[in-house]
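Worksheet: one structure, shown below.
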There are 2 protein chains.
Amino acid sequence: MNPNRPVYLKLRDQIAAAIIDGVYPEGAMLPSVRALAAEQGANPLTVAKAYQQFQNDGLVEVQRGVGMYVVRGAADRLRAAEREAFLRVEWPEIRSRMARLGLDPADLAPAS
Amino acid sequence: MNPNRPVYLKLRDQIAAAIIDGVYPEGAMLPSVRALAAEQGANPLTVAKAYQQFQNDGLVEVQRGVGMYVVRGAADRLRAAEREAFLRVEWPEIRSRMARLGLDPADLAPAS
DNA sequence: CGAGGTGCATCAGTGCCATAATACAGCCAT
DNA sequence: ATGGCTGTATTATGGCACTGATGCACCTCG
């Protein structure tokens, strides 16, 4: 969202979206830190920092020396957590902002 | 929104909302940097940095040594600008995120 | 003129972020 | 066992944004 958002958080969001969308299915191995770093033009440690988030939440399983794998149910758990957080903290603010600007979500629902 | 959002931007948003809502009517003087700083527990320079944004956009008129005043039409111009920016950059991202999370704006429209 | 209110400029301190260079630890195919 | 792939730890460095303290320039009012 914010263009000034730290790289490791942007990567984290991007990977989370990929997991939810099934780009990285359950049981699949995530790209190695070095591979993703090269592909994204980032530093391997920055990628590792992004991956760290998912380890803490138990969404990926680390096999040291092999790779990191998406655990079973990760997509559902991730979607549920993101949805809860979105509805709880972001949506109320968005709604109040839209109200202030004279906008109604229902009017914008069909097309952008 | 983001708790890590810089103070000067949070103040800026808060002031913009106040102008749109008519808390600071056109022609009225904004609180002095020192007064608002004391009230918000911030540094006067941080408040000045927030005010700076509105000066650049010509929404307030600075009378050095006197104070800063809301210009005529500032509320409308501000609302129009914020609405345009919201629809152009934020709303598309919000919609795609909600789609990924399986949410529909129309369902959340009536109550929060 | 002086006092007290304005905004503004300058300088310095602090912390986070990103990068880099190495080195280490574990696994696997050959 | 060896080479090559994984993730991880350590340390150092540069950059940048945010915040803060101080002092100055300007205006109004008595």
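These numbers come from the heavy atoms of this one structure, side chains and all, not from hydrogens, waters or symmetry mates. Below, chain A is the first sequence line, B the second, and so on; all start at residue 1.
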- So what does A:Q52 hit on the nucleic acid, given a heavy-atom distance under 4.0 Å: a base, only sugar-phosphate, or nothing?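 Answer is nothing: A:Q52 stays at 4.0 Å or more from every strand.
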Taking only residues two or more places apart in sequence, or in another chain, which ones meet [X] in a side-chain contact (heavy atoms from CB on, under 4.5 Å)?
{"X": "B:Y69", "answer": "B:M29, B:Q63, B:V66"}
{"X": "B:R77", "answer": "B:L59, B:V71"}
{"X": "A:A18", "answer": "A:V23, A:Y24"}
{"X": "A:A28", "answer": "A:P25"}

- Query: Can you name the salt bridge (charged side-chain N to carboxylate O under 4.0 Å, His left out) partners of B:R83, sequence neighbours left out?
  - Reply: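 Listed in chain order: nothing, the list is empty.
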- Task: Could you list the residues that satisfy salt bridge (charged side-chain N to carboxylate O under 4.0 Å, His left out) with A:E84, not counting sequence neighbours?
- Result: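 For A:E84 the salt bridge (charged side-chain N to carboxylate O under 4.0 Å, His left out) partners, ignoring immediate neighbours, are A:R88.
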Just the table, please: protein N/O against nucleotides 19-22 of chain C N/O, every pair under 3.5 Å.
unit_1	atom_1	unit_2	atom_2	d
C:dT19	OP2	A:N43	N	3.4
C:dT19	OP2	A:T46	OG1	3.0
C:dA20	OP2	A:N43	ND2	3.4

If you look only at distance, which donor and acceptor atoms sit under 3.5 Å apart when one is on a side chain in residues 41-49 of chain A and the other is two or more places apart or in another chain?
unit_1	atom_1	unit_2	atom_2	d
A:N43	OD1	A:L45	N	2.9

[atom1] of [X] versus [atom2] of [N]: gap in Å, rounded?
{"X": "A:M68", "N": "C:dA25", "atom1": "CE", "atom2": "C1'", "result": "16 Å"}
{"X": "B:K10", "N": "D:dT19", "atom1": "NZ", "atom2": "C1'", "result": "13 Å"}
{"X": "A:M29", "N": "C:dC27", "atom1": "CE", "atom2": "P", "result": "15 Å"}

- Distance from B:Q53 atom CD to B:Y8 atom OH, nearest 0.5 Å? 6.0 Å
Every protein N/O lying under 3.5 Å from an N/O of nucleotides 24-29 of chain D:
unit_1	atom_1	unit_2	atom_2	d
D:dC27	O4'	B:R64	O	3.4

- According to a strict under-4.0 Å criterion, is A:Q55 in side-chain N/O contact with OP1 or OP2 of D:dG7? no
- Taking side chain to side chain donor-acceptor pair (under 3.5 Å) as the test, write out the residues that go with A:D21, two or more places apart. B:R100
- A:Q40: side chain to side chain donor-acceptor pair (under 3.5 Å) partners, not counting sequence neighbours: none
Grab the N/O contacts between the protein and nucleotides 14-17 of chain D below 3.5 Å, and write none if there aren't any.
none

- Please determine if B:D76 and B:R79 form a salt bridge, counting it only when a charged side-chain N lies under 4.0 Å from a carboxylate O.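 The answer is yes: the pair qualifies as a salt bridge.
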